[in-house]
Colleague: 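For reference, the structure I am asking about is given below.
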Amino acid sequence: MQNPYIPYPVEVIKIITEVETKDQKTFRLAFLNKQDEENFKYMPGQFAELSIYGKGESPIGIASSPTQPGYIEFTVQKAGVVTSALHAMEEGTKMGVRGPLGNFYPIEYLEGKNIVIVGGGFAFTTLRSLINYMIFGENRKRFGKITVVYGARNPGLLLYKDELEAWGKRDDINLNLTVDKGDATWKGREGFIPAVCEQVAPSSENAVVIICGPPVMIRFTLPVFFNLGFSKENIITSLEMRMKCGIGKCGRCNVGSKYVCKDGPVFTLAELDQLTKEY
Amino acid sequence: MESIEKKLREEAKLLLAEKRVDVIVGFEKGTLPLVATPCFIENPDDAEKLVWNACCTQNLAKFVHDVLSQHRASQVRVKPEDRKKKVVGVVGRGCATRSIVLHLQEKQYDRDDVVIIGVPCTGYIDYKKLSGKLGGEEVLDGAAEGDQIKVKTASGEKAIALKDVLAASCLTCRFNNPVISDMMIGDPAPPMDPDHEYDDVNAVEAMSVEERWAFFEKEMDKCIRCYACRQTCPSCYCKTCFVEQSQPRWVGVGEDETDTQVFQIMRMYHMVGRCVDCGSCSSVCPMGVDLRKFLKKLDKDVFELFGNRPGSSLDDQPPLSAYTENDKENFIFNP
Amino acid sequence: MEKRSIKKDALAGIIKKVAGDMLVYAPVKEEDGVFFRALGAGMEPQTTYANTKNAPKNIFFPHTEKMMKYTRTDKGMEFVENGDPAKDAVLFGSRPCDAKSFTLLDLLFDQEKYKDPFYCDKREKTIVVTQACVHPPYSTCFCTSVDGSPTSEAGSDVMLTDMGDSYLVEFFTPKGEKLLKYFGDAKPDAAAEAKKKEIAETAAAEIVSHIPAKEIKPILDVNFEHPFWNTIHQRCLACGTCTFLCPTCHCFDISDEVKYDDGIRVRNWDSCMFPMFTQETSGHNPRPSQKERWRQRTMHKFKYYIDMFGAISCVGCGRCVMYCPVNIDIRKIVTDISKL
């Protein structure tokens, strides 16, 4: 019996400082045992518990895509005990990863549909996983139009800048980047996510929106999509909660009759309406 | 007692009806026999629920602090000119009023935030002692009547002298009448037996070091880290207790015996000069840890070193927040 | 089903004999009540007692449990080993309510996906010997309101019933039959079955607390926002007494402990009553006050657990009623909800 509480040993093979404030870094981890990598089969939207010596575990969304073999990536905001310790680490450090945990974006349901991805600030990590999954090789054909709206407070806070540039050059993604306030070098859009979504105005015809971001952004963006004719069944988001076990036992992320760690973190708005508002 | 209860209800009703207080913190009858429980009365007609008897165990100052700090937090985002004042009325016996004095000295709220309905106190029941008197039998019905407790158990009815089941803090209480109040219900209670207040401590002090350590270990071993002691203590009002701090984490949260000992020792050290010997911590403990003996030792030290009885007078300076050149310092060399 | 009859004064000796062969947990009298303890030399198992102060859940789900060991190297952390494997054990003298709690905990810990190996390992290796409540021990007992009874077999491998001058010993499971050899050869007489039935009926009739626990689910389904939830929590101390003594509360925390280069990961009981339970690093707390925490505890027991597993997560032992320092009474809460 595989013990679901025991992490797989991994090594940090690369650390990328993502933003100018230096408090968001991407950690690229490689499994020390080949077998573990095979057992760690994941899909975009899932998360894992990162395990650090003496500090404990922290649940973090997987930022890499299963189409990128050989490693997994996590983009981590420095905040609490574990994430601060992570930020202090160097390449070559050995740590632990437990997962994959939770459900994932409903890939089968998304197939054949037009996909609208809306991300705000740091919450873009699992959306990046999903985008990389959808545009990888032959996968791209399985999905319709892909529209991405991604914004941050300022240009320095946009994650994955190299990838954004590469996506911008492709003609099979409609990429819309925006910042609340630009700087001297910023030539792109300025404006808040809800306004940009209104301008981009993706059709709700055979389309699904996947939206992740700060609660206030989500609150103001949802009406835009309701006006565009999207139903609650076709708006998908991912919840963040305090979690420990990640497998629906410890009770911390219990919201109504669901455990966010096990039954989520990905929910449609229609599903969230059935949940109590304790997240 | 009955006349005190009657006057208490009348006074509480009047305070609420005249809107001199927004809420009254007192005791009401519990769901179990011979048990009273803290209550919060906002409607004048509900003042009838108030009871005052030997089943009223808790130090209500804890709830005064709770209500006022929650209210203050709720006003943070309100414009200063629109902020509302909340006044809490409290049924205050000696120990509760001492805690209120401490709160005021520690600038937790203002004197006009609280209206103290002073009540005389003849002590409350130590349920561990009562259970001992009943040979562990469950109380099926009961009433506290004057200096007697009438109890019905499966084996029949018994009358027990109140003094035989009083909490240790009450038996030797020096302040069984309020130290401050805005009104007084009933006549002052006759004195308890403060001359013997340190008997328990003296007995522990007379033990050898090994015996004392064994006693400490035995008591700490019972603790299940439910924190009822901390939660009921009016002096334990830190927003985040050191036990729950995570950066750095000072102490583990599990059953490890040294973690438990460290938790209890550190909590007690934070009580130096701040414990009013209300006995609530011992009273609420589901495991029967005898916390009071340790706290009473600190109380004795504070009195011997600084001549201070915490919360006994608004004019006092809390000993650990004051400095004089005469402060004793021999403890540094001679622990 | 195998049955035996033993003399009443033989029981303590049998328990001690079993304890000579394997790990035995039994009720032991201490200064502040009767507790389940691992029976060591010189400890006297109690055979007549009301109920223990602590629920026996800690035998399968310890208050503090080592999950794994690791060590620090100059390259970070390396895993050394998992927690300790369980030993064969016998739990003597659980009451039927507490035995039933194991079947409720099984629903959570023993799921097909994500089996909890620490709980399941101990559960599988432990034989549960229950002592039926011939007379319900407390007026606060309400097992019959939550699908239990003073003689319920749920969760027990073996059951002892006090027949007056002897104990009737019933072996419900093959696991329980492993203990047959300790109970001699005397079979109960022909009248035993009828007498046991009579005991079951009178014991159930002696329960005095009845609450509409099974009736409130549809009310809870639609009353999450009801002002009633403002009425319970004000005097709650936010301590962990109710959850720590509860046989079915199972929330836990996972944390790391290190000494020099050796680290262990442990899980500790946690409580939905503690403000820190849901406190997030950002400062946001989804259950910001004791009001939401009490709603959570009530809902979890009488609604969520039914939604998830089809059973009420309460066995009616009454410990939370008896030991709550401020007399918050779940019987009253349930009754009040039924009147909403």
Side-chain angles (χ1 to χ4, degrees), chain A residues 1-12 32 49 51-58 77-84 89-90 92-96 101 214-215 239-263 275-279, chain C residues 67-68 70-79 81-83 108-109 111 113-121 224-225 249-259 261 263 265 267 270-272 276-282 284-288 292 295-296 299-300 303-308:
Chain A
M1 180 171 66
Q2 170 72 33
N3 186 328
Y5 294 106
I6 306 298
Y8 299 123
V10 292
E11 182 179 335
V12 182
L32 294 183
E49 290 277 358
S51 213
I52 311 244
Y53 176 83
K55 303 294 177 186
E57 291 187 312
S58 188
Q77 161 89 41
K78 185 176 169 180
V81 178
V82 177
T83 55
S84 299
M89 279 185 351
E90 292 168 0
T93 308
K94 292 195 173 65
M95 51 178 279
L101 302 166
L239 293 186
E240 272 217 338
M241 277 215 57
R242 185 154 188 225
M243 299 171 186
K244 283 281 180 175
C245 75
I247 56 175
K249 310 259 183 266
C250 80
R252 212 161 288 270
C253 68
N254 176 225
V255 178
S257 300
K258 302 279 183 204
Y259 284 94
V260 173
C261 69
K262 176 170 75 76
D263 303 309
L275 271 190
T276 58
K277 299 291 168 280
E278 286 189 319
Y279 45 84
Chain C
M67 304 174 92
M68 63 176 202
Y70 55 83
T71 183
R72 178 165 55 185
T73 65
D74 50 2
K75 283 283 180 201
M77 79 197 273
E78 268 175 33
F79 297 89
E81 59 179 39
N82 295 358
L108 180 95
F109 286 121
Q111 294 175 49
K113 196 182 179 190
Y114 300 137
K115 224 175 177 34
D116 189 292
F118 305 108
Y119 173 91
C120 292
D121 187 22
F224 188 80
E225 302 289 355
C249 276
H250 53 258
C251 289
F252 61 87
D253 187 22
I254 299 176
S255 56
D256 285 34
E257 310 270 349
V258 283
K259 194 174 180 188
D261 286 338
R265 181 156 294 158
R267 71 167 165 201
D270 209 336
S271 170
C272 60
M276 295 302 284
F277 186 59
T278 48
Q279 180 69 55
E280 293 172 13
T281 314
S282 65
H284 172 62
N285 193 336
R287 290 198 279 274
E292 292 82 9
R295 180 170 60 191
Q296 169 69 13
M299 287 274 188
H300 201 176
K303 167 175 159 55
Y304 302 158
Y305 221 70
I306 302 176
D307 285 339
M308 291 187 283

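Each chain gets a letter, A, B and so on, in the order its sequence line appears, and its residues count up from 1.
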Colleague: So, taking the atom named CE in A:Met241 and the one named CD in C:Glu280, what distance separates them when rounded to the nearest 0.5 Å?
Modeller: 6.0 Å
Colleague: Is a side-chain N or O of A:Arg242 found less than 3.5 angstrom from the main chain of C:Pro286, in a donor-acceptor match?
Modeller: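 No; zero donor-acceptor contacts below 3.5 Å.
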Colleague: Just give me the residue among C:Asp74, C:Ile306, C:Asp270 that pairs up with chain A most often, heavy atom to heavy atom, under 4.5 Å.
Modeller: C:Asp270
Colleague: Does any backbone or side-chain atom of C:Phe224 lie under 4.5 Å from a heavy atom of chain A? Answer side chain, backbone, both or neither.
Modeller: side chain
Colleague: Between C:Thr71 and chain A, which part of the residue has a heavy atom less than 4.5 Å away: side chain, backbone, both or neither?
Modeller: backbone
Colleague: What residue, out of C:Thr73, C:Asn285, C:Ile254, has the most heavy-atom pairs lying under 4.5 Å from chain A?
Modeller: C:Ile254
Colleague: Does a salt bridge link C:Arg287 with A:Glu278, judged by any charged N lying under 4.0 Å from a carboxylate O?
Modeller: yes
Colleague: Hey, what do you get for CG (A:Leu101) to OH (C:Tyr114), rounding to the nearest 0.5 Å?
Modeller: 5.0 Å
Colleague: State the SG-CG distance between C:Cys251 and A:Asn254, to the nearest 0.5 angstrom.
Modeller: 7.0 Å
Colleague: For the atom pair OH (A:Tyr53) and CD (C:Glu78), what is the distance rounded to the nearest 0.5 Å?
Modeller: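 Output value for this atom pair is 12.0 Å.
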Colleague: Which answer fits C:Met67, side chain, backbone, both or neither, if we ask what part of it has an atom under 4.5 Å from a heavy atom of chain A?
Modeller: both
Colleague: I need the minimum non-hydrogen distance between A:Ile52 and C:Asp256, along with the two atoms involved.
Modeller: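 In terms of heavy atoms, the two residues are closest at O-OD2, 3.9 Å.
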Colleague: Tell me whether the count of non-hydrogen atoms from other residues, nucleotides or ligands lying under 6.0 Å of NZ in A:Lys277 goes above 12.
Modeller: yes
Colleague: Identify the heavy atoms of C:Phe79 and A:Gly96 that sit nearest to each other, and give their distance.
Modeller: CZ-CA, 3.9 Å
Colleague: Between A:Gly251, A:Cys253, A:Gly248, which residue shows the highest count of heavy-atom pairs closer than 4.5 Å to chain C?
Modeller: A:Gly251
Colleague: Given heavy-atom pairs under 4.5 angstrom as the criterion, report whether the side chain, backbone, both or neither of C:Ser255 touches chain A.
Modeller: neither
Colleague: So, for A:Cys250 and C:Phe277, which heavy atoms are closest and what is the spacing to 0.1 Å?
Modeller: O-CZ, 3.9 Å
Colleague: Counting only heavy atoms closer than 4.5 Å, note whether C:Phe109 contacts chain A via side chain, backbone, both or neither.
Modeller: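 Answer is both: backbone and side chain atoms of C:Phe109 are under 4.5 Å from chain A.
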Colleague: Chain C: which of A:Lys55, A:Met95, A:Glu11, A:Glu57 shares the most heavy-atom pairs with it under 4.5 Å?
Modeller: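 Result: the option with the highest number of such pairs is A:Glu57.
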Colleague: With a 4.5 angstrom heavy-atom cut-off, which part of A:Met243 approaches chain C: side chain, backbone, both or neither?
Modeller: neither
Colleague: Measure A:Glu90 against the heavy atoms of chain C and call it side chain, backbone, both or neither at under 4.5 Å.
Modeller: neither
Colleague: Hey, could you give me the CE/OG1 distance between C:Met299 and A:Thr276, rounded to the nearest 0.5 Å?
Modeller: 8.0 Å
Colleague: About how many Å separate NZ of A:Lys249 and CZ of C:Arg267, when rounded to the nearest 0.5 Å?
Modeller: 9.5 Å
Colleague: With a 4.0 Å cut-off, would you call C:Asp253 and A:Arg252 a salt bridge?
Modeller: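 So C:Asp253 pairs with A:Arg252 through a salt bridge.
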Colleague: Please check this pair: side chain of C:Tyr70 against backbone of A:Gly54, looking for a donor-acceptor N/O pair closer than 3.5 Å.
Modeller: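 Confirmed, C:Tyr70 side chain pairs with A:Gly54 backbone.
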Colleague: Based on non-hydrogen pairs under 4.5 Å, which of A:Gly256, A:Gly92, A:Ala79, A:Gly80 is most in contact with chain C?
Modeller: A:Gly256
Colleague: Check whether the side chains of A:Ser51 and C:Arg265 place a donor and an acceptor atom closer than 3.5 Å, and report yes or no.
Modeller: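 Yes, side-chain donor-acceptor contact under 3.5 Å.
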Colleague: Most heavy-atom pairs under 4.5 angstrom with chain A, which of C:Leu108, C:Thr281, C:Asp307?
Modeller: C:Leu108
Colleague: Relative to chain A, which of C:Glu225, C:His300, C:Lys113 shows the most heavy atom pairs under 4.5 Å?
Modeller: C:His300
Colleague: With a sphere of 6.0 Å drawn around NZ of A:Lys258, does it hold more than 12 non-hydrogen atoms of other residues, nucleotides or ligands?
Modeller: no
Colleague: Kindly check if the number of other-residue, nucleotide or ligand heavy atoms within 6.0 Å of CD (C:Glu257) is above 12?
Modeller: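 Yes, because the 6.0 Å sphere around CD of C:Glu257 holds more than 12 heavy atoms from other groups.
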